[in-house]
Amino acid sequence: MYKTLLKYISTVLFFVSFGLAQENGENRIYLISLFGILIVMLSLVGIYFFMRFIAWMIKYSKYKRLKQIKEKKNKLRIIELKNNRPDIETVLAISSAIHMELKYKMEEEKAILTINKLIRPYSPWSSKILSMRRVPDRR
Amino acid sequence: MYKTLLKYISTVLFFVSFGLAQENGENRIYLISLFGILIVMLSLVGIYFFMRFIAWMIKYSKYKRLKQIKEKKNKLRIIELKNNRPDIETVLAISSAIHMELKYKMEEEKAILTINKLIRPYSPWSSKILSMRRVPDRR
Amino acid sequence: MYKTLLKYISTVLFFVSFGLAQENGENRIYLISLFGILIVMLSLVGIYFFMRFIAWMIKYSKYKRLKQIKEKKNKLRIIELKNNRPDIETVLAISSAIHMELKYKMEEEKAILTINKLIRPYSPWSSKILSMRRVPDRR
Amino acid sequence: MDIVIEFLKYSGFASVTWGHIIMLIAGGICIYLGIGKKYEPLLLVPIGFGMLIGNIPFLESAGMQIGIYEDGSVMNYLYYGVLKGIYPPLIFLGIGAMTDFSALLSNPKLVLLGAAAQIGIFLTFIGANALGFTSLESGAIGIIGGADGPTAIFLSSKLAPHLMGAIAIAAYSYMALVPVIQPPIMKLFTTEKERKIKMKPVRQVKKTEKVLFPILGFILTVFISPGALPLLGMLFFGNLLKESGVTERLAKTARNSLIDIVTILLGVTVGASTQATTFLTKESLFIFVLGAISFMIATSGGILFAKFMNLFLKEDNKINPLCGAAGVSAVPDSARVVQHVGAQYDRTNYLLMHAMGPNVAGVIGSAVSAGILLAVLK
Amino acid sequence: MDIVIEFLKYSGFASVTWGHIIMLIAGGICIYLGIGKKYEPLLLVPIGFGMLIGNIPFLESAGMQIGIYEDGSVMNYLYYGVLKGIYPPLIFLGIGAMTDFSALLSNPKLVLLGAAAQIGIFLTFIGANALGFTSLESGAIGIIGGADGPTAIFLSSKLAPHLMGAIAIAAYSYMALVPVIQPPIMKLFTTEKERKIKMKPVRQVKKTEKVLFPILGFILTVFISPGALPLLGMLFFGNLLKESGVTERLAKTARNSLIDIVTILLGVTVGASTQATTFLTKESLFIFVLGAISFMIATSGGILFAKFMNLFLKEDNKINPLCGAAGVSAVPDSARVVQHVGAQYDRTNYLLMHAMGPNVAGVIGSAVSAGILLAVLK
Amino acid sequence: MDIVIEFLKYSGFASVTWGHIIMLIAGGICIYLGIGKKYEPLLLVPIGFGMLIGNIPFLESAGMQIGIYEDGSVMNYLYYGVLKGIYPPLIFLGIGAMTDFSALLSNPKLVLLGAAAQIGIFLTFIGANALGFTSLESGAIGIIGGADGPTAIFLSSKLAPHLMGAIAIAAYSYMALVPVIQPPIMKLFTTEKERKIKMKPVRQVKKTEKVLFPILGFILTVFISPGALPLLGMLFFGNLLKESGVTERLAKTARNSLIDIVTILLGVTVGASTQATTFLTKESLFIFVLGAISFMIATSGGILFAKFMNLFLKEDNKINPLCGAAGVSAVPDSARVVQHVGAQYDRTNYLLMHAMGPNVAGVIGSAVSAGILLAVLK
Ligand code: NA
Ligand code: NA
Ligand code: NA
């Protein structure tokens with residue numbers, strides 16, 4: 001209950017501050033700041049909706065294509081598939097398994113890095129500068 | 001038979017076109033083009049003969065050196081060697097064996113690349129940017 | 001005996017040459033050269049003393065910190081530790097062991113480099129340029 | 001003994017002033033923070049050593065061409081890339097090639113936190129103006145609140161080149177000090193209950209989305225704020241190289257050799273540009289104070305906006321307001337701070353991935369802000 | 001509401017024209033061809049994104065220094081390397097360090113195919129002149145037929161800088177489209193019997209030959225055509241670094257970091273140079289048409305010359321005329337196309353190695369041609 | 001047949017002179033020494049090929065913009081980094097990032113040998129002056145005795161740009177020939193007993209010392225000789241990146257991509273700057289003779305100073321005077337020569353580590369000398 005109230009109050013406050021800034025029209029600095037932050041918001045909100053739209057489009061186009069293919073082949077199988085569609089728990093289990101797998105791989109990579117670190121000794125005898133300028137063969 | 005004919009006809013046509021261009025002497029563009037392509041030819045033909053000459057020289061100098069060495073040691077063995085010179089089939093067999101070996105090595109390399117790809121996970125947790133800016137130790 | 005003599009003679013000669021150069025004050029080139037080499041000496045001697053001072057400071061601060069920690073905990077153990085302080089031979093043995101270990105690691109690294117070289121075949125089929133410009137998939 | 005005096009005159013000992021000594025010590029402190037405390041060493045070590053290089057006293061009338069402000073000196077040539085704003089877009093190219101935007105794509109409503117934190121920029125802009133800086137200078141000072149070194153250097157090179165040294169050092173210092181500045185503010189503006197909010201796991205992002213994002217995101221943001229073109233163009237270009245899957249070798253070079261070379265040159269020349277004579281001024285002091293305030297406002301802005309958003313969200317969908325602090329960018333330090341503070345109150349709360357979204361959004365947000373200020377003020 | 005109008009005025013929406021939209025779509029198509037179709041992605045993705053960057057509309061009078069043709073903008077500084085012809089030799093350095101010339105050395109008579117294909121350059125030169133372009137412009141347009149992006153950029157930077165955008169885009173587009181353009185022409189000019197010709201295995205090339213080739217080949221070609229010095233000098237220098245066996249670390253850097261950095265910068269700035277206002281002209285259209293014709297002539301030239309050579313060769317020594325198509329350079333795409341078309345008619349026919357010879361010879365041939373045109377026309 | 005004559009006129013054959021041929025042969029010799037004899041190939045191969053590039057004859061009045069001294073040519077743009085002394089500090093950055101100064105820190109009294117060898121610089125300075133060169137020119141010629149290519153290029157770019165080609169080629173040639181020049185001198189000035197002196201094993205150096213060294217060493221040396229700031233600043237900066245332990249990725253790039261790219265560009269442009277017309281002069285000959293003498297004096301200076309120091313040292317602490325030869329720098333060739341000559345007389349004598357100390361000290365010593373000459377003469 002009180003939340004709805006707070007919600008409205010904050011919204012109102014926001015527009016009041018907006019109006020105040022507008023009043024003070026002669027002071028460009030304030031207006032630039034206000035509209036600046038609004039434009040920043042706008043651009044990121046724009047990204048938000050843009051990307052949601054794209055996500056939706058990708059999903060839709062895939063679904064449509066899938067449907068077309070299936071329809072051509074076997075109507076019965078689609079129904080079967082729908083019934084057998086994996087539930088959300090299964091999906092989560094699989095994805096967490098993949099995640100664990102990746103994590104393991106990451107650790108493996110780290111291990112390799114550690115080994116590399118160990119076998120790179122920084123003494124004057126092995127320093128890269130030695131390999132840069134060579135002593136002639138004939139000596 | 002007809003080939004020799006074709007050969008001469010094409011050669012003649014080439015020089016006729018050359019002559020025609022010459023006639024039209026006032027038009028520099030045609031002459032530049034004609035001589036341009038000839039010079040390109042010339043430079044690449046030059047490379048051709050140059051490199052053949054070098055190949056021959058390398059071969060000759062090696063042969064000569066080899067000969068000198070051998071002559072000093074044992075005349076009989078040279079003759080023997082000539083008789084035992086491996087035939088073309090043997091050479092091909094050896095070179096294809098080498099080729100297979102290299103190919104195998106290449107596939108090995110590819111396998112390594114594939115592994116590297118697998119163990120480089122692109123998630124925000126492992127992205128290189130994380131290693132670029134560190135959180136202080138004391139926390 | 002004669003060495004001490006030599007030592008003094010050379011020192012004297014050095015300062016004589018110094019004086020001569022000073023005399024010839026109008027010839028700037030000689031003075032620049034003389035003072036130039038002295039300044040080079042000075043800067044490197046400076047580095048020498050600077051770094052010795054730092055080495056001493058690090059040693060001293062470490063020793064002091066160690067002492068403070070130990071004093072707080074157990075006075076007896078410090079004495080024990082002093083008695084059991086490893087002698088110079090032990091230190092040398094350990095450090096040479098570490099050195100051998102590092103050397104072994106270096107050889108291992110070299111082995112890896114050799115392998116890399118072997119599996120990187122430079123034929124037109126595998127040259128990097130091929131991977132730079134791809135033929136489209138659909139063919 | 002004329003020659004001795006002459007040599008002495010050329011030596012640093014003859015020209016040294018207290019200013020030099022103060023700046024040398026400041027350079028030493030930067031290096032210490034970088035190496036000893038591990039605060040953003042890749043920035044602080046080059047900048048710190050640059051401060052040493054820039055503050056070695058020498059006889060300027062000798063015409064040796066060694067000072068960063070002397071025509072024909074090496075440092076002067078390398079400084080050109082800072083002065084003309086060339087290095088920052090190249091760094092953004094590398095950052096783009098190493099940034100994974102999927103955190104942003106998987107939970108897009110969090111991008112608003114990255115926008116809200118930019119309030120720090122604009123309030124500091126007002127504050128600097130009130131303190132007597134011109135509007136151009138104020139814009140350049142305000143951008144410190146964007147918590148993004150390259151953006152700060154880019155904008156100040158265009159709006160107020162004479163303040164660039166102080167602005168760049170302030171921006172990078174506070175970015176390095178994020179783990180010191182942010183936690184108290186985060187605790188001040190949140191309740192313990194809020195800090196313990198757990199957020200839903202993020203969804204998987206498809207490859208096609210990742211490829212389309214740099215293209216469409218670029219067009220959208222620069223249509224709104226064309227002034228951000230040099231920065232956002234390179235950022236999204238680098239990201240496309242990374243995500244396309246067919247230009248990996250270019251992306252690899254962009255995020256390794258290229259960004260490293262530019263980072264070295266930018267760091268050392270920005271450091272060297274802090275010559276005592278031009279740096280130890282009242283303006284620099286103001287800029288440092290305003291910068292600190294800017295960072296605090298930005299952090300607060302992100303947190304409070306998260307709380308404001310929570311008013312409109314359902315119980316099981318609420319945002320942990322700590323994530324708002326990550327909106328200042330300072331990638332990925334502030335996201336790590338969020339994770340760390342969150343874990344102090346609930347060890348099982350894994351906020352890092354959620355904080356990365358506002359974090360990278362903050363980079364875009366500051367670039368857009370810089371573009372706006374460039375367009376309106378220039 | 002003055003400020004709202006002002007902000008709108010600065011936004012891209014206020015300055016957008018149909019030209020911008022057309023070019024943005026063209027950029028999108030380039031990116032699609034690169035990523036989706038995998039046509040030369042290392043060229044098309046940077047160029048395509050560059051076209052987006054160069055065609056974002058903005059208020060030019062605002063003096064924001066963001067356009068590629070505005071003095072002091074970052075893109076303008078980076079474009080300098082294209083405008084002055086600095087990038088192309090650096091790319092040739094990298095290409096030299098990654099090219100193995102042994103294919104050329106092992107069967108040197110095939111180099112003539114690489115020379116014959118340059119007929120495309122000179123016939124287009126005549127054609128462009130007939131269409132009303134000046135001789136300088138015609139030379140720059142003709143070089144598109146060389147199928148070598150860096151060479152085209154180098155020559156047009158010297159002869160006709162105002163056409164460079166169109167020439168570069170045409171050259172790179174057609175290089176990317178080689179697998180589409182060449183096969184029909186290859187089939188048109190050859191009989192099925194000819195396409196099935198199998199060639200003798202190539203001989204092994206000695207290390208000494210490989211080391212001597214870049215030195216002597218360089219001296220010979222630039223004595224004949226000194227104008228090709230910047231290109232061939234770097235190409236053969238890179239190759240010497242690769243083949244010497246003692247400068248491997250330099251060769252490695254040249255063919256990795258260096259060429260990648262230059263490719264990124266060249267691609268994105270060439271793309272950005274196609275600003276709608278300067279790009280969407282009748283001249284550009286002519287250049288694109290002439291470029292396409294040039295590619296076709298070059299391909300035909302190589303094939304027909306191979307057939308001409310066959311007249312003089314013994315039965316067991318004949319050249320498969322498909323190899324002539326590889327003479328246009330476009331390394332290594334056209335060689336791959338030859339291999340692919342050959343394999344369509346006889347799966348056991350392995351033409352790739354034989355096609356690599358004319359392929360790399362084509363690179364030298366176009367550079368020599370560029371040198372000739374530079375000398376005669378400038 | 002006008003066109004034939006015109007084409008001929010543009011070809012190299014029409015403009016060739018004996019000077020060109022001599023320089024082409026000289027370039028070929030450099031390449032041969034680099035590849036065949038493996039004398040410093042990373043320097044001699046780029047310089048040698050650069051000499052070929054710079055001495056290809058062409059019609060200069062054609063305005064093709066291909067010569068290194070023609071405005072607007074690529075080589076001219078790349079040469080800018082040599083002419084303005086920009087490349088040498090960048091190379092020092094890379095050298096710093098690959099040099100381990102612990103050899104110097106572990107036995108600091110050997111640094112004096114690195115100082116003593118700089119006597120070669122100052123005696124050659126006097127000699128060049130006596131031969132009639134101006135004091136500026138003499139300074140630039142003297143620095144050849146520093147056995148450090150980048151230092152020589154840096155100083156001559158400031159003091160005598162017109163002699164830079166000869167000075168640079170002389171410096172790099174003699175650096176490459178160190179294994180030929182030094183051994184006879186080393187044997188001349190030492191007794192067999194001295195050559196067999198075994199030195200004590202060095203102590204371990206702590207990480208803190210290694211980190212503090214580049215910071216404090218830098219401040220100390222440039223306070224004494226501020227003219228060395230560009231060189232020593234970058235050298236110690238690179239070393240700090242290496243030793244800090246937290247900036248490894250920057251150090252790695254500095255000692256790989258960055259130094260390789262700059263080495264390629266510096267080598268090829270320095271080589272190309274030896275155009276016959278400006279290079280084949282009496283001055284060049286003098287410079288080469290003086291350079292050789294300079295190297296010999298430097299070597300002798302180091303050895304004799306080691307013997308002088310031995311007068312003051314206890315029996316079990318004596319220095320093997322061969323180590324003095326390493327004081328000329330030419331890192332790490334001269335240290336290797338010391339090891340090699342030492343091993344000729346006692347196979348169990350491992351001098352390399354002891355020679356590395358004076359070797360790296362020699363680099364600092366020459367940079368300090370360059371700074372002094374720059375300050376006093378400019
Ligand atoms: Na930000
Ligand atoms: Na070609
Ligand atoms: Na030296």
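Residue numbers start from 1 in every chain, and the chains themselves are labelled A, B, ... in the order their sequence lines are given, proteins ahead of strands. Bear in mind that the values here come from a model prediction, so they are computed numbers and not experimental data. Side chains are part of it too, since the values below use all heavy atoms of this structure and drop only hydrogens, waters and symmetry mates.
Residue E:Ile119 touches chain B through both its backbone and its side chain, counting heavy-atom pairs closer than 4.5 Å. If you measure heavy-atom distances from B:Tyr48 to chain E, the contacts under 4.5 Å come from both the backbone and the side chain. Contacts of E:Phe305 with chain B are made by side-chain atoms alone, with heavy-atom separations under 4.5 Å and no backbone atom involved. The parts of E:Ala116 that come within reach of chain B are both its backbone and its side chain, each placing non-hydrogen atoms under 4.5 angstrom from that chain. Proximity to chain B involves both the backbone and the side chain of E:Leu112, based on heavy atoms less than 4.5 angstrom apart. Residue E:Ser369 touches chain B through both its backbone and its side chain, counting heavy-atom pairs closer than 4.5 Å. B:Ile39 touches chain E through backbone and side chain together, each having a heavy atom under 4.5 Å away. Interface remark: E:Ile126 contributes backbone and side-chain atoms alike to the contact with chain B (heavy atom separation under 4.5 Å). When heavy atoms are compared at a cutoff of 4.5 Å, E:Leu377 approaches chain B solely by way of its side chain, counted from C-beta outward.
Of the listed residues (E:Leu104, E:Val368, E:Ile121, E:Leu373), the greatest number of heavy-atom pairs within a distance under 4.5 Å of chain B belongs to E:Val368.
Looking at E:Val376 and B:Phe35, their side chains never come closer than 4.5 Å, going by heavy atoms from C-beta outward.
Of all non-hydrogen atoms in E:Thr221 and B:Ser43, the two that sit nearest each other are CG2-CB, 4.3 Å. Of all heavy-atom pairs between B:Met51 and E:Glu209, the closest is CE-O, 3.9 Å. The heavy-atom pair separating B:Ile37 from E:Phe122 by the smallest distance is N-CE1, 3.6 Å.
With rounding to the nearest 0.5 Å, the separation of OH in B:Tyr30 from CZ in E:Phe125 is 10.5 Å. Atom CG of residue E:Leu212 and atom CE of residue B:Met57 lie 7.5 Å apart, to the nearest 0.5 angstrom. The line from CD of E:Gln118 to OG of B:Ser33 is 13.0 Å long, rounded to the nearest 0.5 Å.
Within a 6.0 Å sphere centred on NZ of E:Lys109, other residues, nucleotides and ligands contribute more than 12 heavy atoms.
Of the residues B:Ile47, B:Leu42, B:Leu44, the one that meets the side chain to side chain contact (heavy atoms under 4.5 Å, CB included) test with E:Leu220 is B:Ile47.
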